[in-house]
Structure formats: C-alpha cells, structure tokens
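Nothing here was measured: the structure is a model prediction, and the numbers come from that model. A note on names: the letters A, B, ... follow the listed sequences, proteins ahead of strands, and every chain is numbered from 1.
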Number of protein chains: 2
Amino acid sequence: MNIKELARRAGVSISTISRVINNSAYVSPEIRERVEAIIAETGYRPNSLAKDLLRNKTDTIGVLLPRIDLPTFAAMFEGVTDVLNQNGYNILLANTRDKHDDELKYFQLFYEKRVDGVIYFATGITEEHVRLVKQIRMPLVVLGHSGEAFSCSAVRLENFGAAKAMVQHLLELGHRRIGCIAVPDHDVDISTHRKQGYRSALEEAGIDFDERLVSIGDFEYPWGERGAAALMSLPDTADRPTAIFCITDRLAVAASGWLQRSGYRVPQDVSVACIDDPVLLSYTQPRVTTMSFDYHRAGATAGQMLINRINGTQAEPRETFMPFSFRLRDSTGPCPSG
Amino acid sequence: MNIKELARRAGVSISTISRVINNSAYVSPEIRERVEAIIAETGYRPNSLAKDLLRNKTDTIGVLLPRIDLPTFAAMFEGVTDVLNQNGYNILLANTRDKHDDELKYFQLFYEKRVDGVIYFATGITEEHVRLVKQIRMPLVVLGHSGEAFSCSAVRLENFGAAKAMVQHLLELGHRRIGCIAVPDHDVDISTHRKQGYRSALEEAGIDFDERLVSIGDFEYPWGERGAAALMSLPDTADRPTAIFCITDRLAVAASGWLQRSGYRVPQDVSVACIDDPVLLSYTQPRVTTMSFDYHRAGATAGQMLINRINGTQAEPRETFMPFSFRLRDSTGPCPSG
DNA sequence: CTGTTAGCGCCTTCAA
DNA sequence: TTGAAGGCGCTAACAG
C-alpha cells in the first residue's frame with residue numbers, strides 16, 4: 001500500500017493524499033473524510049524511508065556503546081533515550097560488546113543510515129576514529145571521555161576527585177594500609193583517573209605507595225574475590241590492608257562477600273569502599289559505602305547536548321563534569337589496630 | 001556528496017559509479033581505479049535510505065522492550081543482538097520504560113521505518129496489539145509470552161516448573177511454612193506462573209495455602225526488604241516462615257540482607273531462595289540458591305527464529321521453552337525447628 | 001564495457 | 001482547492 005494506490009482508490013491525486021496525511025494544506029471536508037476512511041480501512045502508514053530521503057532527516061540518533069549489561073551503562077543509556085524520545089528521536093543502537101575495532105564500522109553504518117547525530121560511549125579514541133568522524137561530519141557527543149579530539153561536546157565524570165575523596169575517607173578512619181582493586185589502563189577516564197585519585201590521596205597523607213597493595217584485574221565479580229584474596233594473603237600480616245578501595249561496585253560486592261566467607265568481619269576487621277552506586281549497594285550485607293554518580297543524569301545531559309547541537313542552539317563544544325556524592329553506609333569503619 | 005557529483009568528478013556516468021561501489025559488473029581497471037581514488041578522497045558513503053527504499057529492505061530489526069536496566073532483560077537483549085549483528089542486521093531499539101501504552105506507537109514506528117522484522121519482549125498483549133500487528137504484517141517473534149495471539153513464534157521460560165521445583169527443594173529440607181515474595185499479575189508469564197508453581201508445590205505436599213505468607217510488591221530491591229519484614233512480623237511466631245521463596249533475584253538479595261541485619265542467620269534461621277541467576281548471586285553473602293535460566297540463549301534463540309522467519313526457512317510458528325537449572329548455594333538449609 | 005532511463009514513495013513548488 | 005511534475009540518491013534493466 002502506498003500513496004499512489006490510495007489516490008487511485010479515493011479518486012484523487014497523490015498530492016491530496018499527502019495533504020491530508022500531513023495536514024499541510026486545506027482539503028475540502030468531503031474529500032478529507034473520504035481519504036481518511038480509506039486510510040483507516042487499509043491501515044496505511046507512510047513509508048518513512050521515502051520521506052526521510054526527501055527531507056534529508058531521519059529523526060534517528062545512533063548510540064554507540066561497548067555493552068549494555070552493566071547498570072552504569074544501562075542507566076546512562078536510559079538517560080540518553082529519555083530525552084531523545086521526548087524530543088521525537090528514535091535510537092539506532094550499536095552494541096560492540098567490547099569489540100573495540102567494530103566501532104569504526106558502526107560509525108560508517110550510522111552515516112550510511114543518515115542518523116541525525118551520534119552519542120558515543122567512548123572507551124578508547126584512536127586516530128582512525130578522529131579521521132573518520134571528521135570526514136563524515138555528524139553531530140556528535142561523547143560520554144565518558146574528553147570530546148577534544150573530535151571538537152565536540154562531552155559529558156564526563158569526576159573520577160579522579162571521587163576516588164581521592166573516598167580514599168581520604170578511609171584515611172580519616174585511621175587506615176594506613178589501604179588496598180586497591182583496579183583494572184588495567186584501557187579505559188582512560190575510569191581506570192587511570194580513579195587509580196590516580198587513590199595515589200594522590202595517599203601521597204598527600206604522606207604514605208608511600210606500595211605496589212603490592214594494588215591488584216589489577218577486570219570489572220567483573222570474580223575479580224573482586226581474587227583481588228581481595230590476593231591482598232589478604234600477603235605473607236607478612238602487618239602488610240595486609242585494613243581497608244580495600246575498589247574501583248567499581250561489582251568488585252566491592254564480591255570482595256566483601258569473600259572477606260566474610262573467609263572469616264573477616266566487614267567493617268570491623270576490614271573496611272570495603274568503592275565508586276559507583278547501583279541500588280544493589282544499599283541492600284547487600286553489609287551495605288556498601290561508595291561514591292555515587294548520577295548516571296541517568298549524565299546520559300540525559302549528553303542527549304540534551306546533542307539536541308542543542310543539532311538545533312544549532314549550542315554550536316560551541318562544551319564539556320560537563322558530573323559531580324559525585326558520598327554515600328556513607330556500613331562497610332567502612334575505624335581501623336582496627338589503629 | 002552523492003553518486004551524481006562523484007560521476008561528474010570522475011567524468012563517467014552514475015551507473016559506472018554504482019557498479020564499482022557494489023562490484024555488480026565489470027568495470028575497466030583504469031576507470032575503476034579513478035573512481036576508487038575519488039571515493040577515498042571524498043570519503044563518500046552511499047545513502048542507505050535511497051538504497052533501502054529501492055530494494056525494500058532495511059537490514060534493520062526493531063526491538064521493543066519495557067526496560068533495559070535489569071540484568072535479565074539486558075542478557076536477553078544481548079543474545080538477540082549477537083545473532084542479529086552476526087547476520088548483518090542493525091537494531092532500532094524502542095525502550096518503553098514500562099509505559100505500556102507506548103508499545104502501539106512503537107509498532108507503528110517500526111512499520112513506518114520499514115524494519116525487516118520485530119522482536120517483542122512482551123509484558124501484556126491487548127487486542128489492540130493484535131489488530132495492529134495483523135494489519136502491518138511484519139515478521140515478529142515474541143519473547144516471554146505465548147505468540148499464539150499473533151500467530152508467530154515465541155521463546156518462553158519454564159516459569160511454572162522452575163518455581164515449583166524450587167519450592168519442592170525447600171519442602172525436602174523440611175520447611176513447611178514457606179513465604180513467598182511476589183509481584184502482581186500484570187506480567188502473566190513471570191508473576192502468575194511463578195506464583196502458580198509455588199502453590200502447586202505446596203498443594204502436592206498437602207500443605208494448605210496461607211495467604212498471609214504471600215507478600216505482593218514490585219520487582220525492586222526495596223520490596224525485598226519490606227516483603228521479608230512483613231512476613232517476619234506475623235504476630236504469632238509459629239506462623240512466621242522458615243523459608244522465603246522470592247519470585248526473582250533482587251527480592252532475594254534484599255530479603256537476605258534485611259534478615260541478616262535484623263538478627264536472623266541465613267540459612268540457619270531462615271532460608272532464602274529465588275528464581276533467576278545474575279552473576280551477583282554467586283558473590284553475595286551468603287550466596288543465593290536459585291533456578292537459573294539462560295537468558296542470553298533465550299534472546300539468541302528468538303533472534304534466530306526471526307531470521308528463519310524472514311528467510312522463509314521456518315514459516316510455521318513455533319514455541320520454544322527455555323529450561324531451568326538448579327543452583328544450590330548457601331542461602332538454603334534444613335528447617336531449624338525441624 | 002559504459003551510458004541512458006525508469007522508477008522506489010513521498011513532498012513541494014507551480015499552475016490552473 | 002486540487003493536480004501535474006520534478007526530484008531526494010540509488011539500482012537495474014536496456015541499449016549501444
């Protein structure tokens with residue numbers, strides 16, 4: 001079914017059909033009624049492809065992300081979609097599932113599908129990314145990294161500050177041997193900056209950095225166990241940490257579970273703290289002290305920035321940092337031997 | 001930049017350009033080279049809208065779901081996207097955020113955008129849904145419900161069996177007063193069937209159903225606390241449950257946390273069990289006994305069914321039930337007063 | 001081997 | 001107030 005067939009059945013021209021569909025001009029009531037009846041009866045819906053081709057706009061935004069099954073990404077994503085949907089945009093979603101090399105392919109896809117803009121949950125930006133994006137000139141907003149390389153707006157997190165403040169909290173509780181369960185430096189904003197915050201807090205407190213207190217793995221639960229186990233099995237008991245700072249929530253949950261199953265009380269024997277605050281952390285036993293970011297808001301901000309960029313409301317690149325807030329719960333306490 | 005401009009610059013016709021882009025016919029090496037050089041230099045990429053309009057195919061699948069921030073949905077979604085991406089499809093994602101009424105709007109959108117098929121994470125199917133889908137005749141696969149109303153294939157979960165088997169596990173441990181934290185009957189497959197499984201197991205064991213042992217709330221953590229609190233505050237101590245069966249994982253985590261904070265040992269005083277097995281449940285304290293569904297596989301199966309339907313490989317509707325598997329962990333134990 | 005032409009379905013002047 | 005015609009960017013006959 002198309003506009004031509006509709007016109008034939010209604011005994012009018014295709015322009016008239018177009019007019020009633022879009023209310024774009026006056027149509028005599030009788031004709032309008034007749035056409036509407038036929039539309040209702042046939043269940044006709046215009047072909048958006050044809051329309052989009054003509055108006056050179058798709059009302060679709062490409063969203064590129066490495067995974068969606070982490071609460072943090074899911075929350076940002078829902079923030080993005082909330083504002084985009086409210087503004088009449090649809091989402092073409094590319095989930096690379098951590099296959100970083102596929103990102104370039106998806107940028108091309110977005111361009112070929114002529115999306116009106118792109119939200120990019122960045123993990124690592126290469127020169128190829130930059131060249132490609134420059135070439136295709138699509139409105140772009142980066143989430144989780146600087147947008148400088150692309151000369152575009154970005155929404156970032158105060159990762160350094162959050163990590164530093166959390167370690168300072170542990171220092172204030174009297175802890176001196178503070179372990180850190182972290183991840184490699186693939187993802188600049190999270191892994192590097194949070195680790196830097198940890199080191200910076202120690203440094204300012206005049207505590208020497210001890211490499212044996214840092215355990216590097218990945219973001220997943222199993223590593224929280226393994227990391228905690230590694231730290232608590234340092235040969236000299238005096239070397240073992242009295243507090244463990246985890247770079248993200250899953251590591252803390254698993255570390256806390258392992259500690260308890262291994263006979264340590266949390267926080268009486270060992271404190272556990274982290275960054276990121278999925279609802280879960282308020283319901284585990286014990287509840288976990290953390291630094292909270294409003295991920296939904298971060299996503300919504302990025303979405304709004306992109307809309308402003310498309311509208312021309314805000315042409316100049318701008319960078320927003322999301323603040324953290326301290327959530328004191330039950331997993332941190334005074335240093336025992338302190 | 002378009003094919004016409006390219007033709008002008010290369011001094012050839014647009015068909016020649018098309019031929020080199022698509023490798024659809026022989027082109028003399030010199031011309032091919034010249035054209036490819038210009039393409040590389042301009043960064044030209046064909047407009048998919050025009051192509052899709054012509055071939056009447058978009059290589060895009062619409063995915064309609066109520067939310068993406070639950071591990072179960074996220075896992076199914078990634079299963080879907082894995083097989084679809086592997087088969088060259090892209091994803092137009094509609095996240096209703098539990099606004100059930102928007103579903104119809106998104107079905108229309110999918111049709112207007114001429115997606116090649118739809119995966120529908122169904123929560124409640126109304127007559128309007130059926131009428132609309134019948135009218136637009138798109139290949140469709142339903143996830144989480146019967147596809148009967150649409151005469152389409154579906155992937156479902158053995159919710160009844162999983163719930164029944166879990167309650168039977170508790171019965172075998174000697175429990176007679178088994179609480180249930182559940183949700184209202186909005187979502188047939190999960191809420192109703194799992195509750196029915198609970199009742200069926202009790203019935204077969206000759207235990208009278210006690211309404212006071214069922215607490216109805218929602219899927220979120222806070223309700224796990226409130227539900228557990230309600231069950232454990234029945235006036236007569238003898239009425240209180242010695243085991244709590246939760247309809248899904250979040251409720252169990254929160255219930256277990258609340259019990260421990262309220263002075264109950266899990267499982268020595270009260271056992272906790274549930275259905276659904278996000279990785280988390282292996283890392284909480286205690287680890288939670290549950291029935292596991294392979295959600296990723298469920299999604300992948302749905303994706304493959306849709307592809308088969310589009311190819312014509314499998315035209316007849318078919319229904320697959322995903323089996324459950326028992327994960328015995330640390331949150332369930334013998335009935336104390338046994 | 002390459003160019004010309006006719007649409008895909010729709011919107012938008014421009015006439016009438 | 002309505003109709004005719006051109007064109008969005010591309011592919012696929014059909015000529016040459």
Compare the minimum distances between each of [options] and the side chain of [X], then state the nucleotide with the smallest one.
X	options	value
B/Ile14	D/dT2, C/dT5, C/dG3	C/dT5
B/Lys51	D/dC10, C/dC10, D/dT2	D/dC10
B/Asn47	D/dC10, C/dT2, D/dG3	D/dC10
B/Ser13	C/dG3, D/dC10, C/dC10	C/dG3

So how far is it from B/Glu41 CD to B/Leu6 CG, rounded to the nearest 0.5 Å?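 B/Glu41 atom CD to B/Leu6 atom CG measures 9.5 Å (nearest 0.5 Å).
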Take the protein atom [atom1] of [X] and the nucleotide atom [atom2] of [N], then report the distance between them rounded to whole Å.
X	N	atom1	atom2	value
A/Met1	C/dC10	CE	C1'	15 Å
A/Arg8	C/dG9	CZ	C1'	16 Å
B/Lys57	D/dC10	NZ	C1'	17 Å
B/Arg34	C/dC1	CZ	P	16 Å
B/Leu53	D/dA12	CG	C1'	14 Å
B/Lys113	C/dC10	NZ	C1'	13 Å
A/Asn23	D/dT1	CG	P	15 Å
A/Ile17	C/dC10	CD1	C1'	12 Å

Would you say [X] places a side-chain N or O within less than 4.0 Å of OP1 or OP2 belonging to [N]?
X	N	answer
A/Ser18	C/dT12	no
B/Thr16	C/dG3	yes
A/Tyr44	C/dC10	yes

Hey, which of these two, B/Leu54 or B/Arg19, hits DNA chain C nearer its 5' end, going by closest nucleotide? B/Arg19
If you assign each of B/Arg114 and B/Tyr26 to its closest nucleotide in DNA chain C, which residue comes earlier from the 5' end?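 Nearest nucleotide further toward 5': that of B/Tyr26.
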Determine the contact category for [X]: base if any of its heavy atoms lies under 4.0 Å from a base atom, sugar-phosphate if only primed atoms, P, OP1 or OP2 are that close, otherwise nothing.
X	result
B/Arg55	nothing
A/Asn22	sugar-phosphate
B/Ser15	base
B/Ile21	nothing
B/Leu49	nothing
B/Asp52	nothing

Is the cationic atom of A/Arg297 (NZ for Lys, CZ for Arg) positioned less than 6.0 Å from the six-membered ring centroid of A/Tyr295 and within 45 degrees of its normal? no
Donor-acceptor side-chain pairing of B/Glu103 and B/Tyr120 below 3.5 angstrom: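 A donor-acceptor contact under 3.5 Å links the two side chains.
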Among A/Leu306, A/Val142, A/Val118, A/Val141, find the residue that satisfies the side chain to side chain contact (heavy atoms under 4.5 Å, CB included) test when tested with A/Cys152. A/Val142
Of all heavy-atom pairs between B/Ala149 and B/Ile125, which one has the smallest distance, and what is that distance? CB-CG2, 4.5 Å
Heavy-atom check, side chain of B/Thr96 versus side chain of B/Leu65, under 4.5 Å: no
